[in-house]
Amino acid sequence: MKLLRMKPGHGEIVLAEGDVRVPEQERELIEAFRRELDAGMWAAVPTETPGSRREAELVKSFAEVPREAERVIFFPRAAGGAGR
Amino acid sequence: MALALGTGAILLVVLLWELVRPTFKGALTRVRLLWSLRRSASPRLGYDPGRERRAELRARALLRSCIDERDWAIYRDLGFLRVWGGHGDDRRTDRRSMGSPIVQRASYAYLIYPHKPLVAYVPQTGALLNEYCVAFPDLSRPYGSSRLPDSDDVLAKWMALTADEHRLIADANMHLPGRQVDPGRVRRDLLRLARWERERAARDPRAADRAGAGADPRGADLASTDPAGSNLPDASDRAAADRAYADVRGADADTLHA
């Protein structure tokens with residue numbers, strides 16, 4: 001599993017990468033996950049429905065991330081844009 | 001006489017220097033400060049078109065890996081994405097539709113432009129409903145700007161919309177159409193989208209079939225029923241769309257445009 005973060009001027013960066021079946025690597029993934037959430041980021045997991053349609057799922061804790069997920073993408077939380 | 005003139009000249013110079021000295025010292029300090037700032041400023045804080053271009057390429061690759069092939073083709077060719085309304089709810093199936101996803105019955109959709117508000121519209125008629133102004137500012141400003149690359153902004157909106165439409169719409173600032181996105185541009189984009197879908201279906205009918213829920217003949221309907229491209233909503237459009245939005249916004253349809 002890879003934890004990615006969108007970054008201005010860079011595109012995505014890899015925050016952490018590991019196998020959730022390996023306890024030590026899972027711990028590192030959880031720590032990185034918490035750090036990003038504490039920094040105010042939203043976390044989304046790209047998924048695919050049984051009908052092969054792609055969508056995303058917002059997760060609020062590492063426990064909500066499907067074990068088979070390949071990526072979790074962090075992005076800044078939404079804010080109402082200002083009117084012109 | 002000469003001595004008096006010389007003394008007077010010296011006094012004049014000294015007095016003038018005393019008058020000019022504060023201004024001169026201030027100017028000198030400012031110049032030194034600007035010079036030191038220029039020397040100490042990190043080159044990574046400035047705008048670098050090459051860096052932004054590389055960031056956008058990375059963002060496009062990420063976007064492509066996350067969305068449907070058909071949606072990617074729309075974005076690549078037309079520069080925007082379309083997301084059906086009620087997307088976040090269509091994991092449920094509807095008994096009345098014999099198990100087909102709710103998206104088949106979507107009465108509204110969104111256009112996602114990079115760094116522009118979401119534009120909601122009625123696919124059947126092309127009537128524009130609202131603009132939802134939403135941004136994803138990265139307050140850490142790693143390179144001096146809080147703006148994500150264009151394709152990352154589109155992906156963030158797509159993920160938020162498909163995952164939790166209610167939440168995103170609740171966080172957005174709602175405006176009537178035309179506040180930030182030119183309705184004429186949206187009208188042209190909807191026609192371009194309809195044409196794009198017709199051409200794609202004509203090129204490869206099986207591709208349209210394979211797209212399943214993503215494929216929607218309503219784009220063609222829009223072009224065939226509205227050749228002039230008029231997107232001005234009539235009363236029935238507005239009422240139907242408002243009813244759909246009342247559910248999303250958790251508000252009465254009557255108050256939506258207050």
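All values below come from the heavy atoms of this structure, side chains included, with hydrogens, waters and symmetry mates left out. Labels below follow one simple rule: chain letters A, B, ... track the order of the sequence lines, proteins then strands, and each chain is numbered from 1.
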Side-chain donor or acceptor of B:Glu131 paired with backbone N/O of B:His175 under 3.5 Å: no
Sequence neighbours excluded, which residues qualify as ring pair (Phe, Tyr, Trp, His ring centres under 6.0 Å) partners of B:Phe136? A:Phe75
Least distance between heavy atoms, A:Glu57 atom then A:Glu64 atom: OE2-O, 4.3 Å
Select, from [options], the one with the greatest count of heavy-atom pairs under 4.5 Å involving chain A.
| options | answer |
| --- | --- |
| B:Leu148, B:Asp153, B:Leu168 | B:Leu148 |
| B:Arg54, B:Arg53, B:Arg167, B:Glu56 | B:Arg167 |
| B:Ala160, B:Ala59, B:Ser145, B:Pro149 | B:Pro149 |

In terms of heavy-atom pairs under 4.5 Å, which option from A:Pro46, A:Gly11, A:Pro76 contacts chain B the most? A:Pro76
Would you call A:Arg5 and B:Asp138 a salt bridge, using N to O less than 4.0 angstrom? yes
Hey, is B:Glu197 close enough to B:Arg70 for a salt bridge, meaning N to O under 4.0 Å? yes
Contact origin within A:Pro8 toward chain B - heavy atom pairs under 4.5 Å: both
With only heavy atoms counted, which part of B:Arg60 is less than 4.5 Å from chain A, the side chain, the backbone, both or neither? neither
So which part of B:Ser65 gets closer than 4.5 Å to some heavy atom of chain A, the side chain, the backbone, both or neither? both
Kindly state each residue pair satisfying ring-ring contact (aromatic ring centres under 6.0 Å, His included) with at least one member in residues 12-35 of chain A, sequence neighbours excluded. A:Phe33-A:Phe62, A:Phe33-A:Phe74
